[in-house]
Amino acid sequence: MLAAGLGTRLRPITETVPKCLVSIRGRPLLAYWLDALLSGGVDRTLINTHYLAEAVRAYIDASCWRDRVDLVHEDELLGTGGTILANREWLGTGPFMVAHADNLTRFDVAGFIAAHANRPAQAEITMMTFATDSPQSCGIVELDGNGVVVGFHEKVENPPGNLANAAVYILEPAVASYLASLGRKVIDLSTEVLPHYIGRITTFHNADYHRDIGTIESLRMAQAEF
């Protein structure tokens, strides 16, 4: 779970509350994630921290899931790919899920895991997708007839459609090996890694609910919708 960001677009709320603990309908975003993942087939979760880290730690310590959650602090933000690389030993030798804790989502966790287990032979990543109401602000994907990503358009003015990358993934260990081959500590998954895997990313569509809580307006919409 990626939870280290500053949440600058949600100020003034995030001046005192880390983005992953912003409340939706009386519960922090992180609570929805932990309930879904740890009751849906995920064994254990690692959460990275940076900004207002003590608040995240205090929340986890008081949580019913605390015995199945590990925290790792980043003094320097490493980017989405850099965090994976830095925690490669913790991730082990099997597939692992990566998700942004500042998104609000509801999906079939077991179904997502099963989709990855039954992925096409060449695929090393399973990406969750959703239909967005603001395609110009998202990473829009193009798929072939088998649901494999053949095109990726990151926040462009006139994207070809509204099928968006939800920034929730299941990755094979080979992806971590590729990160290591780049020879850098700070790596962005969406712009520096996903393009390398075009043709080797299969998809799982979330038709239930998904929204990036990136702005005050998106937070307001989520409070009304969820």
(request) Report yes or no: does R25 contribute a side-chain atom to a donor-acceptor pair with the main-chain N or O of Q223 at less than 3.5 Å? (result) yes
Common cluster, [X]/[Y], ILVMFWY with side-chain heavy-atom separation under 4.5 Å:
X	Y	result
V72	I60	no
Y59	V69	yes
M127	I187	yes
L37	M128	yes
V168	V193	no

Do you know the tightest heavy-atom contact between [X] and [Y]?
X	Y	result
V148	G199	CG1-O, 3.5 Å
P135	G161	CB-O, 3.5 Å
I113	G40	CD1-O, 4.1 Å
S190	P195	O-CD, 3.4 Å
T203	G147	OG1-O, 2.6 Å
L34	I47	CD2-CD1, 4.4 Å

Sequence-distant partners of [X], salt bridge (Lys or Arg N to Asp or Glu O under 4.0 Å), two or more places apart:
X	value
E157	none
D133	R211
D70	R44

(request) Given side-chain contact (heavy atoms from CB on, under 4.5 Å), test L194 with V149 step by step and report yes or no. (result) CA-CA 10 Å; L194 294 186; V149 176; over 6 Å; no
(message) Just verifying a value: how many Å separate L163 CG and T129 OG1, rounded to the nearest 0.5 Å?
(response) 4.5 Å
side-chain hydrogen bond (donor to acceptor under 3.5 Å, both in side chains) against [X], all qualifying residues, sequence neighbours excluded:
X	answer
D61	none
H100	none
N103	none
T126	H116

(request) Please determine if E225 and R220 form a salt bridge, counting it only when a charged side-chain N lies under 4.0 Å from a carboxylate O. (result) no
(message) Under a 3.5 Å cutoff, is there a donor and acceptor pairing between the side chains of E74 and T83?
(response) yes
(request) Mind running side-chain contact (heavy atoms from CB on, under 4.5 Å) on T80 and V98 for me, showing each step along the way? (result) CA-CA 9 Å; T80 47; V98 176; 5.9 Å; no
(request) Taking the side chain as every heavy atom from C-beta outward, state whether L71 and L46 have any atom pair closer than 4.5 Å. (result) no
(request) Only pairs at least two apart or in different chains count here, so list each ring-ring contact (aromatic ring centres under 6.0 Å, His included) that has a residue in residues 172-199. (result) Y178-H196, Y178-Y197
(request) Not counting sequence neighbours, list each pair that qualifies as a ring-ring contact (aromatic ring centres under 6.0 Å, His included) and has a residue in residues 124-171. (result) F130-H210
(request) Could you name each residue pair satisfying salt bridge (Lys or Arg N to Asp or Glu O under 4.0 Å) that touches residues 191-205, not counting sequence neighbours? (result) E124-R200, R184-E192
(message) My understanding is that only one of L29, L52, T16, L30 makes a side chain to side chain contact (heavy atoms under 4.5 Å, CB included) with L21; could you say which?
(response) L30
(message) Please evaluate residues F96 and E172 with respect to the criterion side-chain contact (heavy atoms from CB on, under 4.5 Å), reporting the C-alpha separation (whole Å), side-chain torsions for both, the decisive distance (0.1 Å), and the verdict.
(response) CA-CA 7 Å; F96 55 93; E172 285 296 300; over 6 Å; no
(request) Applying side-chain contact (heavy atoms from CB on, under 4.5 Å), name anything that partners A180, two or more places apart in sequence or on another chain. (result) L85, R88
(message) Filter on side chain to side chain donor-acceptor pair (under 3.5 Å), then keep only pairs touching residues 29-38, sequence neighbours left out; what's left?
(response) R27-D35, D35-W65
